[in-house]
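See below for the structure under consideration.
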Amino acid sequence: MTHPAYTDISLAELETLRQQANALVVDVRDDWEFDEFNLGGVNIPLADIRARRAELVPYDPVIVLCTNGVRSRVAAKDLRRHPEFSEKTIYHLHGGIAEGE
């Protein structure tokens, strides 16, 4: 069975999904944006996601988010390309955290 590239979720779904035992929320915005406002999770800027991919391997599902959903969509697609993520569930916060403000 092949997994879809990733699954778009809403802010409300994010709150439920992040409660899962092995879930990880990854904020792919820049450090200063994360420092200014965040929904928790780990901050791995999009530019660093490939270099730091190994940090995400132990988690499933992986939930990626950013301000408006553009960078997190790139990150979700990039993770999906790698074999170690082929069996994992990757969620993408559609519309980003700006949707919730």
Review point. To the nearest 0.5 Å, how far apart are OG in Ser72 and CD1 in Ile90?
Key: 12.0 Å

Review point. So, does Asn43 use its side chain to make a donor-acceptor pair with the main chain of Asp27 at under 3.5 Å?
Key: yes

Check your understanding: How long is the gap from CG on Leu14 to CD on Gln19, to the nearest 0.5 Å?
Key -> 9.5 Å

Practice item. Can you sort out the partners of Asp78 under salt bridge (charged side-chain N to carboxylate O under 4.0 Å, His left out), two or more places apart, ordered by chain and number? Key: Arg50, Arg81

Review point. How long is the gap from CZ on Arg80 to NZ on Lys88, to the nearest 0.5 Å?
Key: 10.0 Å

Practice item. State the OG1-CG distance between Thr16 and Leu11, to the nearest 0.5 angstrom. Key: 10.5 Å

Review point. Which distance, rounded to the nearest 0.5 Å, do you find between the CG of Asn22 and the CG of Asp60?
Key: 7.0 Å

**Study point:** Pairing residues for Arg71 by the salt bridge (charged side-chain N to carboxylate O under 4.0 Å, His left out) criterion, not counting sequence neighbours
**Key:** Glu33

Exercise for review: Kindly write out the residues that satisfy side chain to side chain donor-acceptor pair (under 3.5 Å) with Glu13, not counting sequence neighbours, or none if the list is empty.
Suggested key: Ser10

**Study point:** same_hphob_cluster(Leu24, Val57) at 4.5 Å side-chain heavy-atom cutoff
**Key:** yes

Practice item. Sequence neighbours left out, what passes side chain to side chain donor-acceptor pair (under 3.5 Å) with Glu15? Give chain and number order. Key: none

Review point. Are Ile49 and Val74 side-chain neighbours, meaning at least one heavy-atom pair lies under 4.5 Å?
Key: no

Revision key, fill the gap. Residues pairing under ring pair (Phe, Tyr, Trp, His ring centres under 6.0 Å) where one sits in residues 40-92, two or more places apart or in two chains, turn out to be Tyr6-His92

Show me, pair by pair, the donor-acceptor contacts under 3.5 angstrom made by side chains of residues 35-42, not counting sequence neighbours?
residue : atom : partner : partner atom : Å
Asn38   : OD1  : Gly40   : N            : 2.8
Asn38   : ND2  : Phe34   : O            : 2.9

Exercise for review: Could you check Ile44, Ile97, Leu46, Asn68 and say which one makes a side chain to side chain contact (heavy atoms under 4.5 Å, CB included) with Arg29?
Suggested key: Ile97

